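Only a predicted model underlies this, so the values are computations on that prediction, with no experimental measurement involved. In the text below, chain A, chain B and the rest are named by the order of the sequence lines, each starting its count at 1.
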There are 4 protein chains.
Amino acid sequence: MVRVQHGGGAARTKRADARRNEKALLDAAAEVFVASGVDAPVRDIAAAAGVGVGTIYRHFPNRADLITAVYRHQVEACAEAGPALLATEATPYAALVRWIDLFVDFLVTKHGLAAVMQSDGPGFATLHAWFLDRLVPVCNQLFAAAAESGEIRSGLDPYEVMRAVGNLCVGAEGDPRYDARRVVGLLVAGLRTADRPG
Amino acid sequence: MVRVQHGGGAARTKRADARRNEKALLDAAAEVFVASGVDAPVRDIAAAAGVGVGTIYRHFPNRADLITAVYRHQVEACAEAGPALLATEATPYAALVRWIDLFVDFLVTKHGLAAVMQSDGPGFATLHAWFLDRLVPVCNQLFAAAAESGEIRSGLDPYEVMRAVGNLCVGAEGDPRYDARRVVGLLVAGLRTADRPG
Amino acid sequence: MVRVQHGGGAARTKRADARRNEKALLDAAAEVFVASGVDAPVRDIAAAAGVGVGTIYRHFPNRADLITAVYRHQVEACAEAGPALLATEATPYAALVRWIDLFVDFLVTKHGLAAVMQSDGPGFATLHAWFLDRLVPVCNQLFAAAAESGEIRSGLDPYEVMRAVGNLCVGAEGDPRYDARRVVGLLVAGLRTADRPG
Amino acid sequence: MVRVQHGGGAARTKRADARRNEKALLDAAAEVFVASGVDAPVRDIAAAAGVGVGTIYRHFPNRADLITAVYRHQVEACAEAGPALLATEATPYAALVRWIDLFVDFLVTKHGLAAVMQSDGPGFATLHAWFLDRLVPVCNQLFAAAAESGEIRSGLDPYEVMRAVGNLCVGAEGDPRYDARRVVGLLVAGLRTADRPG
DNA sequence: TATGAATGAGTATTCATTCAT
DNA sequence: CATGAATGAATACTCATTCAT
């Protein structure tokens with residue numbers, strides 16, 4: 001009723017405002033996550049976004065919701081890249097390698113995000129599930145293609161490999177002797193068929 | 001004279017008591033670590049050990065000291081196994097594989113310990129350094145032998161590989177679809193020379 | 001429109017509430033300081049004010065901020081009295097004596113506050129500096145005038161004398177045989193020129 | 001009976017040991033007091049003395065006992081200097097000035113000891129009383145002589161003046177602009193008769 | 001009698017979360 | 001709907017004091 005009193009235009013304006021607000025909030029949260037990790041104090045995020053903490057709780061009741069929202073677009077892009085790579089790369093294995101590279105790029109540049117892949121806290125369960133729901137099918141597709149083309153071993157669980165890749169990206173920053181891409185490269189090399197031609 | 005004997009005896013007894021206490025404390029801490037991770041509240045550990053918090057601070061001024069002490073023996077055993085395996089296994093690569101298996105066994109059974117390998121908190125720096133100081137040289141030796149025998153690629157950094165293995169063990173429990181040993185197996189397979197015989 | 005009015009009003013109301021709260025907090029803190037000194041536990045102050053400890057930390061991040069706020073008005077009044085006395089008293093020395101009396105009155109009635117004048121703790125540095133910044137200039141003015149009129153020795157450091165007066169007020173309560181005003185009177189008498197007329 | 005079994009010699013040896021111990025303890029405590037103030041942790045004192053904390057508690061059940069013991073000799077010397085100065089100095093006032101100088105020298109070189117003169121904690125009551133019992137009579141004598149010779153005002157309470165001097169010595173170290181001797185000089189100057197000759 | 005290990009109360013401080021305005 | 005003030009549980013750490021050896 002209140003909405004009716006305000007009229008449709010007002011409601012739309014409101015919604016637009018809310019959206020702008022949410023967008024600003026997500027941008028700010030992303031920055032804070034990079035700087036302080038996904039465990040950053042809620043107040044810091046609110047301050048960075050220029051909103052009150054209450055606003056954050058309204059939009060994202062739990063932290064996982066916020067993290068999910070923050071990275072949704074990027075994860076989305078990563079997910080969509082799978083089929084595309086499969087279509088453009090020379091072989092399914094090449095596509096798989098490229099895709100994993102994208103995944104790694106995504107993870108290592110987000111301080112602390114990789115930890116999400118391993119976190120067992122109940123609050124992160126939703127986020128965890130969301131990541132998997134969105135990316136594992138893509139990964140499945142790539143693995144299936146590469147297995148069918150005989151480029152990688154059969155019997156591999158794409159989920160497990162993704163989880164492994166995620167783990168390898170944890171804490172990659174700040175240690176000059178540890179290069180997540182390099183060790184992921186080793187892992188990916190290990191996927192190849194045991195008795196491949198060369 | 002009695003006093004002198006008593007004094008000496010008392011001193012030794014005292015130390016023995018303290019040592020027993022320390023042992024009980026380490027056992028309790030190990031259990032709490034398994035249940036709640038290495039970040040478990042000091043009070044919980046104290047309660048589990050049946051001592052006051054002061055006693056913990058007396059024996060282990062900071063948390064890293066406690067963690068180090070808790071896992072010292074096991075890490076020690078792991079370190080000592082390296083040369084032994086090199087002597088008994090058929091090839092250096094076989095020894096390396098077995099040794100990494102031991103390392104993984106050690107890590108995956110200790111909830112949260114693997115996190116230590118990646119933790120960047122200043123409080124964990126000492127512990128981190130200790131782990132590396134003790135295990136990296138062993139790892140170096142195994143890698144050198146396997147590289148010399150032509151079983152693995154050259155140019156690998158054992159430290160980096162250990163770090164990767166550590167990461168792969170993070171959060172291994174509680175996820176039935178993720179088997180740290182299996183993914184480490186993939187990584188280790190990736191170490192092999194690119195153009196190995198078979 | 002209603003909303004806009006409400007928004008503005010709400011914001012102002014909020015701030016007013018917070019201010020009221022802060023005032024209550026300051027009053028409570030002042031009382032606790034009198035009863036238990038400026039080192040009183042934060043929790044006691046919070047309890048006395050009927051607020052949570054977090055509220056205190058919100059308003060006054062460190063103890064010095066709280067103490068400063070508690071005594072700001074009184075110190076302010078003391079500072080402002082300097083020039084006024086200079087204008088109304090018969091001679092500069094008389095003004096100085098009266099002003100020091102005010103200062104003493106202020107200090108002796110605040111249990112533990114005088115200790116602030118001597119505290120060397122880093123946390124009190126700000127407070128200490130603030131006290132001095134505000135009062136020393138006033139004191140300088142009074143001393144300069146009294147020196148020019150030939151009523152007191154030259155070469156005195158007003159800061160040092162203030163510090164001395166502050167020290168003389170320490171622990172003045174609770175000892176019936178020690179009267180801060182009396183001993184300060186002795187000190188002030190000692191300021192007079194050595195070869196004054198009478 | 002046990003003592004009888006040990007024999008007189010043994011008992012005497014024991015007592016000698018205990019005395020040596022107590023002496024070492026006092027020396028160590030004095031050093032720690034200078035370094036960290038009279039509120040230094042008991043354990044620090046014990047460590048400095050090379051004894052267990054229990055030993056300190058045995059010899060000095062409360063901190064005040066320890067402080068008293070630590071400074072007993074020096075206070076004693078100060079007390080004894082009073083009559084001596086009265087006998088050797090030209091006038092009673094000169095003796096008084098010299099004696100107060102001694103008192104100040106004693107206080108300012110002992111970090112935190114001066115605080116004892118103002119402390120109202122029950123634990124320090126004994127110490128406080130002891131200081132006064134020993135020094136006030138001496139001070140009385142000096143004041144009486146100086147008053148009789150007409151060099152200082154009459155009606156002064158020596159106790160109060162001592163207390164004031166003690167206060168003026170508080171926090172004297174660490175502030176280059178505050179010189180306890182100087183301000184005590186002002187106070188002492190203020191003691192002179194209001195209408196003295198020159 | 002000396003020791004020092006153990007105790008645990010006391011205190012500061014942070015931060016997620018709620019709710020009146 | 002947004003705000004941010006208020007809350008208070010949680011946790012680390014210190015240190016005086018006791019007591020078994």
Side-chain angles (χ1 to χ4, degrees), chain A residues 2-3 6 14-15 17-18 21 39-44 46-47 50-59 61-63 123, chain B residues 3 6-22 25 39-44 46 49-59 61-63 123, chain C residues 3 6-22 25 39-44 46 49-59 61-63 123, chain D residues 2 14-15 17-18 21 39-44 46-47 50-59 61-63 123:
Chain A
V2 170
R3 202 168 286 199
H6 279 302
K14 275 235 169 130
R15 210 172 276 173
D17 275 8
N21 227 323
D39 291 326
V42 177
R43 196 171 316 229
D44 289 1
V51 303
V53 291
T55 304
I56 294 193
Y57 277 96
R58 164 170 297 274
H59 286 289
N62 24 5
R63 185 182 294 269
Chain B
R3 194 167 290 238
H6 175 61
R12 224 173 304 149
T13 303
K14 212 33 167 315
R15 205 166 284 171
D17 271 14
R19 229 173 259 203
R20 248 195 302 283
N21 221 319
E22 186 170 319
L25 211 158
D39 290 326
V42 176
R43 258 211 262 271
D44 290 359
V51 302
V53 292
T55 303
I56 295 196
Y57 281 99
R58 161 177 290 274
H59 287 286
N62 45 49
R63 186 182 295 269
Chain C
R3 195 168 289 237
H6 176 61
R12 223 172 308 147
T13 303
K14 213 28 166 320
R15 205 166 284 169
D17 271 14
R19 227 171 261 203
R20 247 193 303 284
N21 222 318
E22 185 170 320
L25 212 157
D39 290 326
V42 177
R43 258 212 262 272
D44 290 0
V51 303
V53 291
T55 303
I56 294 196
Y57 280 98
R58 161 177 288 273
H59 287 286
N62 46 50
R63 186 182 295 269
Chain D
V2 169
K14 272 227 171 145
R15 207 171 279 174
D17 275 8
N21 227 320
D39 291 325
V42 176
R43 194 167 321 223
D44 289 0
V51 303
V53 291
T55 304
I56 294 193
Y57 278 96
R58 165 171 296 275
H59 288 290
N62 34 36
R63 186 182 292 268

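Comparing the start and finish of the helix from E:dA2-F:dT21 to E:dT21-F:dA2, five pairs each, the helix axis swings through 10°, to the nearest 10 degrees.
In this structure A:Val53 satisfies the side-chain contact (heavy atoms from CB on, under 4.5 Å) test together with A:Val42, A:Arg43, A:Ala46, sequence neighbours excluded.
At whole-Å resolution of the value, CG in C:Asp39 and C1' in E:dG10 are 14 Å apart. In this structure, the CZ atom of B:Arg20 is 12 Å from the C1' atom of F:dT21, given to the nearest Å. Protein atom CG of C:Asn21 is 16 Å distant from nucleotide atom P of F:dG4, rounded to whole Å. To the nearest angstrom, P of F:dA12 lies 10 Å from CD1 of B:Ile56.
Applying the 4.0 Å criterion to OP1 and OP2 of E:dA5, one finds that B:Thr55 has every side-chain N and O outside that range. Within the structure, every side-chain polar atom (N or O) of D:His59 is placed at least 4.0 Å from both OP1 and OP2 of E:dT1.
Residue A:Arg58 places its side chain closer to F:dA2 than to any other of F:dA2, E:dT7, E:dA2.
Place C:Gly50 and B:Ala40 on DNA chain F by their nearest nucleotides, and C:Gly50 ends up nearer the 5' end.
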What pairs of nitrogen or oxygen atoms, one from the protein and one from nucleotides 13-15 of chain E, lie under 3.5 Å apart?
unit_1 : atom_1 : unit_2  : atom_2 : d
E:dT13 : OP2    : C:Tyr57 : OH     : 3.1

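Interatomic distance, C:Arg58 CZ to C:Leu25 CG, rounded to the nearest 0.5 Å: 12.0 Å.
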